[in-house]
Each structure stands twice: as structure tokens, then as C-alpha cells.
Amino acid sequence: MPQLAFKRPVPLIVAGLAGLLIGLLAYPLLLNQVRTRVIDEQFAHLSDATAAATRMTATVHQALSALASELDLPASPPGCSKELQDRLQAFQLRTPSAEAAFRIEDNRLTCASLPSLGDNTLLPAHHSQRSDGTRLWYRLQLQQAPQGGPYTLLERQQLGVMLDPDEQFSRFFGGDVRVAVYENSPPFPTSLTVGQIPAPWLQRMPPGSREQRLQDQQSGDLLVRRLSTSGQTVILASRSAASLQAQIANGSHYLWSQALLIGLAGAILTLLVYPRQSSSRRVLERALHSGQMFLLYQPVVDLQSGQCIGAEALMRWRQQDGSTLGPDVFIPLAEQLQLSDRISDCACQIIARELPALLQRVPDFHISVNVSAQELNTFAIVQRLVELRQRLRLQPSQLIAELTESSLAEAERALPVIRQLRANGISVAIDDFGTGYCSLSYLATYPFDILKIDKSFVSAAGTDSIIGPIAEHIVTLSKSLGVAALAEGIETPEQAENFRRQGVALAQGYYFGAPMPMAQLLERVQGPAQS
Ligand code: C2E
Ligand code: CA
Ligand code: CA
């Protein structure tokens, strides 16, 4: 296909804008991806931490229950024996989360794994009691203990365990994580809080769920709640929206460069796709409906009388810069873009507008229209030409459809289309005869009215060229088929005389007239008529 000369609407700018747009659209998508990833990671982190804390709490409770039933302190003598102290010490050593173990009698620490604690220290009233009888003290300050507190104390059957939850839990959570361990029954007392926990977050776990992940609607904070194995305690961990944002900002450092790369890829893709397809199509479509196409008419003469009896309509494209493109450039393009029917529609509209003036002077004037191979696949061309014929009130055979030999070979439905054309009083001419790949058997298959001898054979006729005799053979062939012959591309009086002598009915060529505007054709047909 010839490379098009028409100017494309600056593809670099279009590609640049497309790239920018794609890049700008990609950024929020990438950011959203980072946000989702960070939130997922944080939920997983909080979930891991609450699971570890749940396991730890369960271990303490189990150890406490096991030792309480094994020692059965209420049944043993009061106070602190050496053996009891040893056993409390052993318990503390094998229970890593326990800071100390005691005997508690009448709210006093009467025996302890750490000797400093077992000196009858009086405890305040317990804060809550579980259904299994375990009593709990929260945030207890004990001066005698190594760290001073606050501690959580669990007591069962006189056996007490002291935990340092702040120390234990801080191992699992980062500094900006808030933690609460609270009872799963109202009033939801907390055995541990790290950071400020809003009161509405401390609530019963919905029945049937072991873990809940949610993002607080108002603050945007992430929350994970997990029910302990016993089902009595809830471990809550939360991360603030601010620290989440900081992590997202951290993860989105390179997003602009990624968006830039995506935009660049988009621009390159646009540059590759845009110019060939869309701009050519748009430019051609605009030309078709904005009146840039026009017709020139080449006279067709009766060789015997020398009279101009008709004309072939040949399309031209006047571009915005004033230059004119020939059909050898835009007809193949129109075929490639499946716009051939738009070309013939345009040609028919121009003929309908321009021909009436000529028909007034020469009512039986013939007009030929070129039809492309693609149009022979549907009946749209038949309808279009029938409409033109009716509109101009043309007699049968005044309107001629020119089809090339190769288009007959290409189109699957050419035969029914040709039959319909002829049935509607439209003559059919085989154009450029001898140059296509059509076998002679086509001539028997396709009904037609005029055989146009291609100009290459016309100019070679009577010369020493190897194709010199072909024109004469075609003339003989047309006679035996009983159809009119038209010699194309007659440029000299000798050529005209040669074909006239052979009995060729019609001719066309620069000798009789190059393709010309309708105004000129009008003058041309007026001349001989007046004289
Ligand atoms: P074609 O149908 O064979 O048209 C004849 C071509 O020969 C025209 O070229 C015409 O200007 C040129 N010609 C006429 N007399 C002479 C001569 O004496 N010597 C020489 N050397 N050339 C001569 P044009 O106008 O450039 O058209 C080229 C082709 O484009 C046409 O070949 C036709 O197949 C196609 N075409 C033109 N208009 C249309 C159209 O509206 N629709 C379709 N589908 N095809 C068209
Ligand atoms: Ca033609
Ligand atoms: Ca031709």
C-alpha cells in the first residue's frame, strides 16, 4: 500500500497525552494496591500477636488448674512449708510467663516462690471471679515484687500466679500497637491495657466467631479481636490509622516512578497503534463527509461518430493544504479500512448533484461508476446505484458499473450482485481487461455488457511489443461474446483510427480528453451539439 502523504494529527502529542493520562490513572491504582497490601500485612501481624497471647493465657490457666488440683492446698496444713515453697519455685521455673507463684490464704500471701513475697502481704479485694472459681486482680502494685507492678494475679484453690502482662505482651506487639486483654462478659474488666483503648471497643465477641478483623469507621484504626481458648478472655490488638498511613507512605515511595513507566509504555503503545489505524480512518472519514472528495469526469466517445456519449467518474481528494491525492493512494486505503462503500456512496451523491445539468442538454448521456471488489460482497451497491438511477431518471444502460477482473475473482457474491445490477437496468463493464488474474472462463460465467481493453494493451497495439497483438485478440473476443469493446488510454489519433477500423464501439483517453471537472465537461458536450 502506498505510504500516505496526509498529515496525521501530531501522533507524538496524542501519544504523550495518552501516556500522561495512563500514568495518572495508574497512580491511584498502584497506591490502592499498596494500601491493600499494608492493611493485609497489618491485620496478619495483629492476628499473629493475639494468637500468641491467647496461647500464653491458656497455658497459664492450664498450668494453674493442674497445679491447684495436684497440691490441693485447702486440704493441707496452713502456712508455708519448705516443701511447698520448693514446689512453688519449681512451678514458676517451668511456667515462663509466671513471675511468681504463691499460696493465698484470707487474701494474704502466706507462701511464695520468691521469699520476699511470702510475708503475709495483704491483697485488696479481687476484681473479678470466673465461672471456674478463678479470682483475678488487675493492675496490682506490689512493692515487694522485683518490678513493683502493675501485675495481674490469678488465684485458684489458694494457689496464686503473678503475671507481668505489660512485659509479656510487649514482646508480641510493636510500640504503636494498642492492646487489651479483657473478660468476655460484662462489664468487660481488663486484665491488661497497653495504650488508650476506646471503651466501645471492649465488647463481647459475636457468637460463633473466634477472630474478628475490622477497621474503625471513624478513626480508620485496625482492630483484631480474638477469643481465648477457654472462651472467657478476649485479646484485642489495634494499630492506629496514623501509623498505618506512615507505612503506606513508606511503601509508596517508588509509585511515581512505576506510574511513569506505565505511562511511558502506554505512550509507546499509542504511538505504535494510533497512526496506522485510527488516524488514517479518521482523516479519511472526515474527508468523506466534509466535502474534500470531488469527481473528475473522463469523456467516453463513440469511435465511429467521434461524439462524447458518456463519461467515467473518477474520484479525487483535495486535502486541506490544497494538494490533490489520486485514487491510487486512497482507494487501497479505503479498502483496507473497509470504507469502500463510503467512497461509492460519496461518488453517487456527487453525481446526483452534478449530472442533472448535463442530462438537461444530453438526456441519454452515459455515466460510469467504479465499484471496488469489497462492494461485490453485499447488495448495498445495487441499492445505491438503483437509487441513483431512479433519482436521475436514467434509462436502462445509461448507468454503468465498472468492475475489475480481479475483483470478480476476489468477491464471493459477485455473480448474484452482477445479476441484480443488470436486472435493475444497470450495465456492467469489465475494467482493465487482460490485466487481472481472471481466466477466460469468467467471461462465460459473468454476464456483462462492455469489455474495457486496458490501456497497456492499447498503447502496445501495432508495436513490436510482445503484448502488441493482445488488443486485437480482445476486440475479436468481444465480438464473439457479443459485447461492446471500449479502448482505454487512447493518446494518439493513430490509436483512435486503429481501433475505429477494427470496429471498436467506444474509446476513452487523453486524446479525447483527460479527466475534467463537470463544468468543463458541460462545455465539451455543448460544443458539438451546438455546431
Ligand atoms: P480506471 O478505472 O482504469 O481509470 C482510468 C485511469 O486511467 C484514470 O486514472 C485515468 O485518469 C487514467 N487515464 C485515462 N486516460 C488515460 C490516458 O490516455 N493515458 C493514461 N496513461 N492514463 C489515462 P485515475 O483517475 O488516477 O484512476 C485510477 C483508478 O482509480 C481507476 O482506474 C479506478 O480503478 C480507481 N478509481 C477512480 N475513482 C474511483 C472511485 O470512485 N471508486 C473506485 N472504487 N475506484 C476508483
Ligand atoms: Ca474504471
Ligand atoms: Ca481501466
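In each ligand, atom 1 is the first atom listed, and ligand 1 is the first ligand listed.
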- CD/E41: more than 12 non-hydrogen atoms of other groups inside 6.0 Å: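 Atom CD in E41 is crowded, with more than 12 foreign heavy atoms closer than 6.0 Å.
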
Quick check: closest heavy atoms across [X] and [Y], and the distance to 0.1 Å?
X: P356; Y: L392; answer: CG-CD2, 3.7 Å
X: R361; Y: P363; answer: O-CD, 3.5 Å
X: N498; Y: A461; answer: ND2-CB, 4.0 Å
X: A347; Y: L295; answer: O-CD1, 3.6 Å

With backbone taken as N, CA, C and O and side chain as the heavy atoms from C-beta onward, which portion of [X] lies under 4.0 Å from ligand 1: side chain, backbone, both, or neither?
X: E312; answer: side chain
X: E491; answer: side chain
X: I331; answer: side chain
X: D431; answer: side chain
X: K455; answer: side chain

- Looking only at distances, please establish whether an N/O atom of ligand 1 is found under 3.5 Å from an N/O atom of Y510.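 Indeed, backbone or side chain, Y510 has an N or O that close.
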
- Message: Looking only at distances, can you tell me whether any N or O atom of D432, backbone or side chain, sits closer than 3.5 Å to an N or O atom of ligand 1?
- Response: yes

- Test log, rule side chain to side chain donor-acceptor pair (under 3.5 Å), inputs K455 and Q508: CA-CA 9 Å; K455 50 184 173 289; Q508 197 180 331; over 6 Å; no

- Residue E312 atom name (nearest to the Ca ion (ligand 2); N/O/S):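 The closest N, O or S atom of E312 to the Ca ion (ligand 2) is OE2.
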
- Under-4.0 Å heavy-atom contact between protein and atom 9 (O) of ligand 1: no

- Item | atom 32 (O) of ligand 1 touched by protein (heavy atom, under 4.0 Å) | no

- Message: Would S368 and E312 count as a side chain to side chain donor-acceptor pair (under 3.5 Å) here? Give the steps.
- Response: CA-CA 4 Å; S368 299; E312 177 180 357; over 6 Å; no

Can you see whether [X] engages [Y] through a side-chain donor-acceptor pair at a distance of less than 3.5 angstrom?
X: D364; Y: Q398; result: no
X: Q502; Y: E472; result: no
X: Q319; Y: Q292; result: no
X: E354; Y: Y297; result: yes

- Message: According to side chain to side chain donor-acceptor pair (under 3.5 Å), who are the partners of R213, at least two apart in sequence or on a separate chain?
- Response: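 Scan of R213 (side chain to side chain donor-acceptor pair (under 3.5 Å), adjacent residues dropped) gives E211.
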
Charged N-O contact under 4.0 Å between [X] and [Y]:
X: R342; Y: E375; value: no
X: D345; Y: R384; value: yes
X: E285; Y: R282; value: no

For [X] and ligand 1, answer yes if some heavy atom of the residue is under 4.0 Å from a ligand atom, otherwise no.
X: I490; answer: yes
X: G326; answer: no
X: R316; answer: yes
X: E488; answer: yes

Nearest protein heavy atom with distance in Å, relative to [atom]:
atom: atom 36 (N) of ligand 1; answer: P327 CB, 3.8 Å
atom: atom 4 (O) of ligand 1; answer: L314 CD2, 3.6 Å
atom: atom 43 (C) of ligand 1; answer: N370 CB, 3.5 Å
atom: atom 15 (N) of ligand 1; answer: Q298 NE2, 2.7 Å
atom: atom 11 (O) of ligand 1; answer: P515 CG, 3.3 Å

- Tell me whether S368 has at least one N, O or S atom under 3.0 Å from the Ca ion (ligand 2). no

- Message: Let's test this: below 3.0 Å, count the protein N/O/S atoms around the Ca ion (ligand 3).
- Response: 4

- So W256 and Y27, would you call those rings parallel, tilted or perpendicular, with 30° and 60° as cut-offs?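 The arrangement is parallel - the two ring planes meet at less than 30°.
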
- Item | M315, M293, E402: member with heavy atom nearest to atom 41 (O) of ligand 1 | M315

- Which ligand 1 atoms are under 4.0 Å away from a heavy-atom of S372?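 Numbered from 1, ligand 1 contributes 44 (N).
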
- Task: Could you walk me through whether D216 and S219 pass the side chain to side chain donor-acceptor pair (under 3.5 Å) test, one step at a time?
- Result: CA-CA 6 Å; D216 188 72; S219 61; 2.8 Å; yes

